[in-house]
Protein chains: 2
Amino acid sequence: MFTKQQLEDFWAEAGKIYLNHISIDCVVFGFHEGQMKVLMLKSYNEEAWYLPGGFVRKREPIENAADRILKERTGIDEIFLQQFHVFGDPDRSKIHNEMYKNMLPEEQNFFGQRFISIGYYALVDFFNVTPTPDDFSEVCTWRDLNDLPKFQLDHELIFRKALDTLRLQLNYQPIGYNLMPKEFTMPELQKLYETILDKKLDRRNFQRRMLGFGILNKLEETRKGGAHKAPYLYSFDLENYQAALKEGLKSGW
Amino acid sequence: MFTKQQLEDFWAEAGKIYLNHISIDCVVFGFHEGQMKVLMLKSYNEEAWYLPGGFVRKREPIENAADRILKERTGIDEIFLQQFHVFGDPDRSKIHNEMYKNMLPEEQNFFGQRFISIGYYALVDFFNVTPTPDDFSEVCTWRDLNDLPKFQLDHELIFRKALDTLRLQLNYQPIGYNLMPKEFTMPELQKLYETILDKKLDRRNFQRRMLGFGILNKLEETRKGGAHKAPYLYSFDLENYQAALKEGLKSGW
DNA sequence: TACAATTGTGTATCAATTACACCTTGTGTT
DNA sequence: AACACAAGGTGTAATTGATACACAATTGTA
C-alpha cells in the first residue's frame, strides 16, 4: 500500500515514462474444472474489482505494452493476446479522476486525465499463471464467470465485450489451444465450448465434428482417477489447427 | 494550401483542442457500377494517397470524433461506422513526424508526436457522398479497389485490415443495407457479395438463399434500360435484417 | 459381482448446400 | 414483324452436413 508521498512520486514519474491519455485493459481468460475464469484485482479500500491494466511507454508498441502488463500479473511470457475494442468515452474514468483530482496539480496528476483504453483479451493455460497483485491491489485472483464481483469504472462493459468477441471468434482463433492444457479429454474440451457458447452440445456430435476438423491428436493414454470409464487424452495438432482457422471452422454452432 | 505561418498556427491551435497521441483513420467503402470503392485523399506535394482521418477533441467521445471527421469528408450525417483495430506502432508515422520536426519546437509541434490511430470502417451509399478535400489535400475522391494508388505511412495496412474485417463481418453486420442504394436488383446485390468475398457465386443459389433470409422486400417495379430482361427491384426490410444479424446469417459463404 | 455413471461408437432422419436446366422478357437486328 | 441474343426468373435432383437418438464398453464402488 502506498503513502500519499509515494503516490505523488509515482504519478510524477508516470507522466515522464508513459504516453498521456492511453491505457490498456486486459481480460484474461482461463479454464479450470469446467469453469471459465477471469483474472481480476481488488483495491485496498474499494469493494469493486478491476481488470489487469496499465499504460504504454513513450516508445513502446502497444502489443508489447499489453505483453509487459500481463507478464507482471501472470508471470507468463508469451501470452495469446487479441485486441478487441477501444473504450473512448470521455467520462469512462470520471469517478477515478475525481477521486484523485485534488491531490496534485493537474499537470503532475497522471491519473486525473482522460484515458482512452485499448482492450485486449488474453487466453492462458490456468496452471501456468501465478496471479500477482499490482501496486494498487490487495488481491489478484481468478474469478469464476458464474460468480463475478462488482466491477470498477466501465470494466464490466470491457469484460462483456471481450466475452462477446470470444464467442464470435471461436471458429477463427485458436481458442481451444490457448485455454486448454497440453493434454485434455474430449469431455473437457466440450465443456469449454459449452461454457463459451453458453449452451449444451450433444456429446456424440461434438466429438465427431471435432475429430472431423483433423486438428486433434488422439494419444494412447487415458485420464485415470475418475470414478468412471477413463476417457482418452488428446492434444492439438497446432499446424492443422492454424490451417483450419484460416477458413474458419466451418459453420458456426 | 497552407503557408508556413498558417501551418504553425494550425499546429499550435491543434494542441489546445485535440488530445495528444490519438488519431482516427477511416476506411470509407462505397459501391458503384459493380465495383467497391474507397474514399481517399491526395496531398499537394506527395504522390501517395491517404485515408480520411483526424483527431479527437479533449472532451469528445471517440465515436463522435469519427462521425465529425466523416461528415467533413462526405457531407453525410448519420454514417454507419465500426471500429475495427488500433494501430499503435511507435514508428507508424515516422516519416510524417520527421518531415515536420524541424519546423516548430517540440511542445508546439502537434504533428511531431507519436500517434496511436483508431481505425474505423464506414459503409455509405455511394450517391449520397460529396467527397470533400481537407486542409492538406488537393484531391478527395473514390478509388477503385482494383486500381489503388500508393498509400502514405501505414495506410495500406489499415485499409487491408478493414477489408479483412468487412469480409469476416459480412454475416453479422448490415453491410448490404449500408452499401446499396434504397432500391437495387438481385444481380447488383450479388455483385457486392462477390466483390467483398472475392469469389463467384451461383446466381440461382444466391437468390434463393437471400430470399430465404426474409430480409428483402420485392418491389413491383423493375430496372428498365438494360439491353436485356428487366430485373426486379428489392429493398431491405431493416427490421428483419437486424433481427437476422443477431444470430448471424447462417453458415458462411 | 452387480451397479451407477460416464465414455466410445454407430445409424437413421432431416435440413441445407450445390449443381444444373429450362423458360421468360426486353432490346436490337434483319 | 420475326428473330436472335443476353440476361433474369424459377425449379429439381443429388450430395453433403447437422441433428437426434441407442447401445455397448469401462471404471470405481457398494
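A, B, ... follow the sequence lines: proteins, then strands. Residue 1 opens every chain.
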- Gln207(A) vs dT7(C): side-chain N/O to OP1/OP2 distance below 4.0 Å: no

- Presence of Lys200(A) side-chain N/O under 4.0 Å of dT19(D) phosphate oxygens OP1/OP2: no

- Message: Before you tell me yes or no, could you show the steps for Arg92(B) and Asp25(B) under salt bridge (Lys or Arg N to Asp or Glu O under 4.0 Å), namely the whole-Å CA-CA distance, both residues' side-chain angles and the distance that decides it to 0.1 Å?
- Response: CA-CA 13 Å; Arg92(B) 58 176 291 280; Asp25(B) 284 302; 3.5 Å; yes

Can you tell me how far [atom2] of [N] sits from [atom1] of [X], to the nearest Å?
X         : N       : atom1 : atom2 : result
Arg209(B) : dA15(C) : CZ    : P     : 17 Å
Lys229(B) : dA7(D)  : NZ    : P     : 14 Å
Arg203(B) : dG8(D)  : CZ    : P     : 7 Å

- May I ask you to test the Tyr120(A)-Val27(A) pair for a side-chain heavy-atom distance under 4.5 Å? no

- Classify the side chain of Arg204(B) and the base of dA21(C) as holding, or not holding, a donor-acceptor pair under 3.5 Å. yes

- Item | Aromatic plane relationship, Tyr121(B) with Phe80(B) - under 30° parallel, 30 to 60° tilted, over 60° perpendicular | tilted

- Ranking dG26(C), dA5(C), dT7(C) by distance to the side chain of His228(B), first place goes to dG26(C)

- Query: Quick one: on DNA chain C, does Asp202(B) or Leu211(A) contact a more 5' nucleotide (nearest heavy atom)?
  - Reply: Leu211(A)

- Query: Taking for each residue the nucleotide of DNA chain C with the nearest heavy atom, is it Arg208(A) or Tyr232(A) whose nucleotide lies nearer the 5' end?
  - Reply: Tyr232(A)

- Value for CZ (Arg73(B)) from OG (Ser137(B)), rounded to nearest 0.5 Å, stands at 6.5 Å

